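To start, the structure itself, in structure tokens.
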Amino acid sequence: MQNLYLLVPVAPLIGAVAAGLFGRQLGRTWSHRITIAMVAVSFFASVAIFRDVVFGGHAFNGAVYKWLTSGETSFEIGFLIDRLSAMMMLVVTFVSLMVHIYTIGYMEEDTGYQRFFSYISLFTFSMLMLVMSNNFMQLFFGWEAVGLVSYLLIGFWYTRPTAIYANLKAFLVNRVGDFGFLLGIGLILMVFGTADYAAVFAIAPNHANDLAPIPGVSWNMMSAICILLFIGAMGKSAQFPLHVWLPDSMEGPTPISALIHAATMVTAGIFMVARMSPLFEMSDTALSLIMIVGAITALFMGLLGIIQNDIKRVIAYSTLSQLGYMTVALGASAYSVALFHLMTHAFFKALLFLAAGSVIIGMHHDQDIRNMGGVRKYMPITHWTFLIGSLALIGFPFLSGFYSKTSILEAVEASHLFGSGFAYVALLLGVFVTAFYSFRLYFLVFHGEERFGASQHDHQGDHADEEVSSDHHHGLAPGEKPHETPWVVWLPLVLLAVPSMIIGYIAVEPLVFGNFFRDAVYINSEHYHALKHMLDEFHGPGAMALEDLESLAFWLAMGGVASSWFLYMKRRDIPQKLSQKFGFIYTVLDNKYYFDRFNDWFFAGGARGASRFLWKFGDVKLIDGLMVNGTARLVGLFSGVLRRFQTGYIYHYAFSMIIGVFVLLTIRNWFE
Amino acid sequence: MIFGFPVISVAIWLPIVFGLLVLATGNDRNAQLARVIALLGAVLGFLVTIPLYIGFDKMTSAMQFVEMYDWIRRYNIHYHVGVDGISVLFVLLNSFFTPLVVIAGWKVIEKRVAQYMAAFLIMSGLVNGVFVALDAMLFYVFWEAMLIPMFIIIGVWGGPNRVYAAVKFFLYTLLGSLLMLVALLYLYYQSGGSFEILDYHQTAIPMTAQMLVFVAFFMAFSVKVPMVPVHTWLPDAHVEAPTGGSVVLAAIMLKVGAYGFLRFSLPIVPDASHKLAGVMIALSLIAVVYIGLVALTQSDMKKLVAYSSISHMGFVTLGFFIFNAYGMEGALLQMISHGFVSGALFLCIGVLYDRLHSRQIADYGGVVNTMPIFAAFFMLFAMANSGLPGTSGFVGEFMVILGAVKANFWYAFLAASTLVFGAAYTLWMYKRVIFGAVASRNVAELTDIGTREILVLAILALTVLAMGVYPLPFAEIMHTSVNDLLVHVARSKL
């Protein structure tokens, strides 16, 4: 079995190396064959491991090799295979496999074909190292490695200025999160003396009430550690205020938006907090913070989705919002629920992105939804799968997203932590918002009049960062109709639509209420009541869906769908009027609450200004000008004065000698 | 010695002898011969150091492969050499880089080839001498002698402003070392007439004298590291130096200063070291943060990497003066990794400079379109410079940050800012040079790197990755010596 564990991450790595280093020799076909085969191997191995762990009851925690020793600590590369990692491995490899297949169609015309396959396989490897890790050091390795691949893939079309701006931004914002994350890991290592999860979790309860070893402040240590770790999660999972990189990451090709920026990498933060549940359970402060941050993200990022006109950006804001939902669930100690939503979201959001990509192919790389409409006739498979994805996203009963989202709402409702009331309201409003922007997108793309082929791609009204794909903006020629995409593209859609529909119904009982994760997540008895309460109310998945028909959330979602239908199908003139009437709100939303502008001005501009000042003043003026060259000048000055005495005239020297003798004699007489 | 074979002496003198041989080939008519002899000498010079690693006994902190002969009997000066867990890796690092530098300069240097190659070979031997000398006078001779080839390399093959840079480099480093000489003479008398460095480790020294000795050593070593505020010679020297000079300067020369702190300051004057640790830590953190910021807006690639070097070396001195195993081993690993990474970055800049004769970031843009293989290598080294896990750049920084958390959380807080700054200045430069559409006709006409350049960069790339994925072989060799040093430093010598 241990060899099988090793095979899971190593197989995609082999594929990545093969396609990356020998892509030219292998050619396109062999490059995608090898990488897909390797990811398939990884997927089937994950299935076998999942069966072994869940039904065979096996678990594994051990080292592969020793990475480094120092002091009394030794750092190892190792795997922790339990139900949590087994589930994550399954989700990651499955979505990755779908995306690999899809890429054959999507990147068909791209010159960087092999490079793309190499990157996504490398990503799969990194993500698997992250989820399979049994220690903090390797976690950080995977954490940064997925960040690297994300950086490479956002900037995949490296000639586009917007893409290479977005990837640098993504990397740096993530690094801000990692700054906290690394300090958190540092504290853990120093306090507990080990990087191993199991050992840390075993020792941690003894330190529940310790003060953090941070001079000058008296913070509870577990709170400090958890908040630092969560800062890392805020970066990776794009939580407010470190969310700014995710919408821009849409500059990358669509397959990676599905794989990295929706299904897997951005959920790493959620996974990490769930993995660290024994630590987070010791700090109500941290949990409250998590809940509030998540709630802000869930509601306010959803609102931004309403006014976006780029098909991918709408889904990107939806991802931000859904990540907020997961984060709130973590804050409510409903780790299993957060992970459940992580899984369902991985399926339906990957589906939505890939379906959007299919639409984009059909529209010849025009991403502006104002140029679409009525596409359902021409792309039926894409249409139906997209609809399934949207329904799952808004939490329509019996679909996968319904079970996870409803569970989150129940968990938050039952939570007593500070901030849970706010979070609950925010999430409820978020349900309406989600339904509204999702179906606005759906109606504008698939229904209504056909606005494509009109050849005037009016981008004047767009904001600067939406002009993006200018050099990829082909669009349909006048009179041209979109076509359904080839099977390599629609097959993954169908394969993802299946779990998007049924996985919730199947998994809600074991995953949320059946103690599926066992020891992998820990909830302390004080926080357990929320889940307990839900457990008491639960009477099977069917009943859960039927009961929901009477709930507020369901009617909010329906209200969202209805109002988007009204505004974007029935009375298309109203949105225009609304945006004029509420110009202020529209402007704020349009500028994404001015976060980007503030960051550019304050952080990026501030750092550049400080840099120039320190360099010009500190290094050039002060050190070099005053001290170094100043010393040289001083020496020059002295020697200039001294030189005057070296006149070369005998009588000058004789005169000074006489004066000197006089002085010396005088001094001598003085002292005698 | 192994089986009576004086490994260390060979490591010092073989490159020097080959250097003299290369010089003997005379003028540029025999340039090809000079190159071949130089490569042979450099490769042999590296091969002979490998027994130092293989035959190294990890269980002892005592000096190994020791050779000792009388030199100047009247003053009790010996030719005494040996390595321990702290110095052995630097001998290997230095000898490893010499063939790379020779290959890198193979085609580019067309004038005074023999002299160029000879300067590097001789310098390689002298630097090895610095790392292995156990006699203070021998150390001092190597220490000063090593300046001469570097001075010549910058002054002869350097850029337009080379004379200013060479003189600045020379004066800066010489001034510092003169004070060290005074300190060594004091120690000679204090220890009762010995120039043995290991004797100094045991010599009791009163507090005031310790402070003065520390300051004297500090003047010598901090200039070489370089630490803020005596760092401004480095950007100038780098900018003017030819590629090979920059590589050796960054990869090897900077390490000599840091090594001096470990071999002299900490063990000889431990009480003063503890007393002044706060100052040293402050200077180190200033280097990390202040220089990290300064690097951000540099418009000259070499200057940027030079500032990045100063910032990274801040981690080294920080690691030394927080006095724990994580910090010290992290600092040593950082020194080695920085050797690989900064050397590789200067080679990359050299590749571009050879083609366009410009180091200005603004003159490039979209290089990836014409040089994709080069861009891939450059990416790897840029990421290593940003401290990405899986590359060597991560290991040392990670360990030093851990050590800093142990010493004082706020040190770590400031040091960890490099996660953002380091990535910002490196990747911003990368973006402006490599990414984007082809920016000019010059860039459009670039040719990708050839076999010779690929060979050099691939060797470094593999090393950087290997050290990132499996740093244990680098670390375990130093454990005993580092632990011993930490115990030693903790003991008062008043």
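Reminder, nothing fancy here: chain letters follow the sequence lines and each chain counts from 1. Just so it is clear, the model here is predicted, and its values are computed rather than measured.
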Query raised in the report: Does the ring center of A:Phe141 lie less than 6.0 Å from the ring center of B:Phe394?
Result: no
Query raised in the report: Has A:Phe22 got more than 12 heavy atoms of other residues, nucleotides or ligands less than 6.0 Å from its CZ?
Result: no
Query raised in the report: Is chain B contacted by the side chain of A:Pro213, its backbone, both, or neither, given a heavy-atom distance below 4.5 Å?
Result: backbone
Query raised in the report: When you measure from the side chain of A:Trp67 to the backbone N and O of B:Gly468, does any donor-acceptor pair fall under 3.5 Å?
Result: yes
Requested in this report: To the nearest 0.5 Å, tell me how far A:Tyr165 OH sits from B:Lys431 NZ.
Outcome: 8.5 Å
Query - Heavy-atom pair count under 4.5 Å with chain A, highest-scoring of B:Tyr307, B:Tyr430, B:Trp233, B:Phe421 - result: B:Tyr307
Requested in this report: Please tell me if the side chains of B:Phe435 and A:Asn167 come closer than 4.5 Å, counting only heavy atoms from C-beta onward.
Outcome: yes
Requested in this report: Please look at A:Leu152 and chain B and tell me whether the side chain, the backbone, both or neither of the residue comes under 4.5 angstrom of a heavy atom of that chain.
Outcome: side chain
Query raised in the report: Who wins among B:Leu388, B:Leu472, B:Asp236, B:Val469 for the most heavy-atom pairs under 4.5 Å with chain A?
Result: B:Leu472
Query raised in the report: Of the listed residues (A:Ile77, A:Val176, A:Thr73, A:Val620), which shares the most heavy-atom pairs with chain B below a 4.5 Å separation?
Result: A:Thr73
Query - Residue part contacting chain A, namely of B:Trp428, when any heavy atom lies under 4.5 Å - result: both
Requested in this report: Could you please state which residues from residues 402-409 of chain B sit under 4.5 angstrom from chain A, measuring non-hydrogen atom to non-hydrogen atom, sorted by number, or 'none'?
Outcome: B:Leu402, B:Val405, B:Lys406, B:Asn408, B:Phe409
Query - Short side-chain to backbone donor-acceptor contact, A:Trp615 and B:Ala295, under 3.5 Å - result: no
Report summary line: Residues pairing under side chain to side chain donor-acceptor pair (under 3.5 Å) where one sits in residues 211-225 of chain A, two or more places apart or in two chains, turn out to be A:Ser223-A:Ser283
Requested in this report: Please state whether the side chain, the backbone, both or neither of A:Leu228 comes within less than 4.5 Å of a heavy atom of chain B.
Outcome: side chain
Query raised in the report: Is the shortest heavy-atom distance from the side chain of B:Phe398 to the side chain of A:Leu189 under 4.5 Å?
Result: yes
Report summary line: So, the part of A:Phe171 with a heavy atom under 4.5 Å from chain B: the answer is side chain
Query raised in the report: Which atom names give the shortest non-hydrogen contact between A:Leu183 and B:Ala416, and what distance separates them?
Result: CD2-CB, 4.1 Å
Query raised in the report: Heavy-atom count around B:Tyr164 OH within 6.0 Å, excluding the residue itself: above 12?
Result: yes
Report summary line: Per-residue tally against chain A (heavy atom, under 4.5 Å) across B:Gln298, B:His231, B:Met379 peaks at B:Gln298
Requested in this report: Pick whichever of A:Asp619, A:Ile185, A:Ile623 has the most heavy-atom pairs under 4.5 Å with chain B.
Outcome: A:Asp619
**Report entry** Sequence neighbours excluded, every pair satisfying side chain to side chain donor-acceptor pair (under 3.5 Å) that has a member inside residues 604-613 of chain A
**Finding:** A:Ser611-B:Thr297
Query - Inter- and intrachain pairs under salt bridge (Lys or Arg N to Asp or Glu O under 4.0 Å), touching residues 144-158 of chain A, at least two apart - result: A:Glu144-A:Arg175
Query raised in the report: Heavy atoms, side chains only, cut-off 4.5 Å: are A:Leu68 and B:Met399 in contact?
Result: yes
**Report entry** Within 6.0 Å of OH in A:Tyr65, more than 12 heavy atoms from elsewhere
**Finding:** yes
Query raised in the report: Measuring from A:Leu182:CG to B:Ile401:CD1, what's the distance to the nearest 0.5 Å?
Result: 4.5 Å
Query raised in the report: At what distance, to the nearest 0.5 angstrom, does OG of A:Ser70 lie from CG of B:Leu332?
Result: 10.0 Å
Query raised in the report: Side chain, backbone, both or neither: which part of A:Phe613 has a heavy atom under 4.5 Å from chain B?
Result: neither
Query - Most contacts with chain B, counted as non-hydrogen pairs under 4.5 angstrom, among A:Val191, A:Thr69, A:Val173, A:Asn174 - result: A:Thr69
